Amino acid sequence: MTLGRPLLNRRLAAFGTTIFAEMSALAVRTGSINLGQGFPDTDGPEEIREAAVRALRTGHGNQYPPGPGVPELRAAVAAHQERFYGLTWSPDTEVLVTTGATEGIAASLLALLEPGDEVIAFEPYYDSYAACIAMAGAVRVPLTLRAPSFRPDLDELRALVTPRTRLLLLNTPHNPTGTVLTPDELSGIAALAVEHDLLVVTDEVYEHLVFTGAHHPIAALPGMRERTVSVSSAGKTFSYTGWKVGWVTGDAPLVAAVRAAKQYLTFVSGGPFQYAIAEALALPDAFFTAFREGMRRRRDLLAEGLRAAGFRVHEPEGTYFVTTDISPFGEEDAYAFCRALPERCGVAAVPVSVFYDDPEAGRSQVRFTFCKRDDVLEEAVARLGRLAP
Ligand SMILES: *Cc1c(COP(=O)(O)O)cnc(C)c1O
C-alpha cells in the first residue's frame, strides 16, 4: 500500500500478469520450446515486408495517418470482406483501422457498454475480453464451452439472457478450443440477438484458419448487419503479429461509435504497416489456401505427437491451438502441470484453466500452439514423448 490505497484500481486488480508473460518467461529461463504463446516463428510473405519498407522510405504513413485508417487499407478491408463473404461495407464509414484486434475489441466494448450492462461471452475467454469488460464497468456472464465437444449450448445461452444483457461477445474460430461455429449455431445465436435486441461483437482473427467447414461471419445473417461489430486483424492471417494492424467493420452508426472510443485510446494507428497490409489483403486466393493447408499439416503433426505422448487431444476445427487434457497422466491441475512442464521435458504450454471463470470446467486442460516451424514441432513432440503417462 502506498498513497493511501492500492495503486492498481479494483476493476483491474483481479487480472494480474497475463499467463503468456509468465509462461514465456519460464520458457526463456529454462531454454524450452515455447508452445505457449501463439506467435509464428517464421515471418509472413516477403513482398509484404518489402511493401512496409517501401512505405517507410517513401514517407507513406510516417506522420499521423487519418483517424479511421489510410484509405488504401480501408478499401482493401472492404474488398476482402466482399471477396470472401459477399459482405459490402463502405470504406469511408463502415471500416475502422485499429491497433490490432485487441484495440478493436477494447474500443468496441468501451464504446457500446454502459456500467452494469451484462455481456455474455464464451469461456474459456481470450484473455483481453474479461479485462476490457471490466474496464467498461460491465459484467461478464460466461457461457461455458465444455470438454469434450466445446460446443455452445444454445438453450443455456438463452437462459443467460436477462433484461440487463446488452451484448454477445463471440469468437469464431475460437481461441483456445478451436471451435468453429456452424451455420446452425450462428443462426440460433443471431435469432436470439434479434429477439432480445442485443448487440454482437465478433472476434474473427482466425477467419483464414478454418480446417473443418468454413468461416461464416454472423454479420451476414438476416437482422445482424445493424447490430454486429466484426473485428479482425492482420497478425494471424499474414504472420506479422508484431505489426498490430487490425480493423472493425459494421454498419456506419456502430463504426462511428467505436471510432469515438478509438480516437481517445490511440487517436490513430501506426501508418506504414497499414499500406503493407492493404497489399496483403489483396493477395490471391492461393496465398490464403496455402497458409491454411500449411497450418493444417502442422496441426496434424502436433496433434499426433501429443496423442502419442499420452495426452487426450481435442482436434481443433480452426485457429492455431490444440487443447489437450492431462488426466491420462494422472494429473488434474493444468496450472501446476504447465509450471512443471519446462523442467520435465523442455516444452512450455499454457493452462486453459486460467481462461475460465468456472474453475472446474477447464481444470485439466492445457493448450499448445502449432504455429511453429516443422523442425521445432518435431523436436517438441520428441521431448513430450519422454513424459510417461
Ligand atoms: C491473437 C488474438 C487477438 C489479438 O489480435 P491482435 O491483432 O494481435 O491485437 C484477438 N483475439 C484472439 C482470439 C486472438 O487469438
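Every heavy atom of this structure was used, including side-chain atoms; hydrogens, water molecules and symmetry mates were not. Please read all numbers here as calculations on a predicted model, not as lab measurements. Nothing fancy with the numbering, it's 1 onward along the sequence. Remember, it's 1-based here, ligands and their atoms both numbered in the order they're listed.
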Assess whether a salt bridge exists between Asp41 and Lys372, defined as any Lys/Arg side-chain N lying under 4.0 Å from an Asp/Glu carboxylate O.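 No.
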May I have the N/O to N/O pairs between ligand 1 and the protein that fall below 3.5 Å, each with atom names and distance to one decimal?
residue, atom, partner, partner atom, Å
ligand 1, 7 (O), Ala101, N, 2.8
ligand 1, 7 (O), Ser233, OG, 2.7
ligand 1, 8 (O), Lys244, NZ, 3.1
ligand 1, 9 (O), Ala101, N, 3.1
ligand 1, 9 (O), Thr102, N, 2.9
ligand 1, 9 (O), Thr102, OG1, 2.6
ligand 1, 9 (O), Lys244, NZ, 2.7
ligand 1, 11 (N), Asp203, OD2, 2.6
ligand 1, 15 (O), Asn175, ND2, 2.9
ligand 1, 15 (O), Tyr206, OH, 2.7
ligand 1, 15 (O), Lys236, NZ, 3.0

Could you tell me whether the side chains of [X] and [Y] share a donor-acceptor contact shorter than 3.5 Å?
X: Gln37; Y: Ser24; value: yes
X: Lys262; Y: Ser269; value: yes
X: Glu204; Y: Tyr85; value: no

Tyr356: partners by ring pair (Phe, Tyr, Trp, His ring centres under 6.0 Å), with sequence neighbours left out: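 By the ring pair (Phe, Tyr, Trp, His ring centres under 6.0 Å) rule, Tyr356 matches no residue at all.
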Taking atom CD of Glu293 as the centre, report whether more than 12 heavy atoms of other residues, nucleotides or ligands fall under 6.0 Å from it.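 Yes, CD of Glu293 has more than 12 neighbouring heavy atoms, counting only those of other groups under 6.0 Å.
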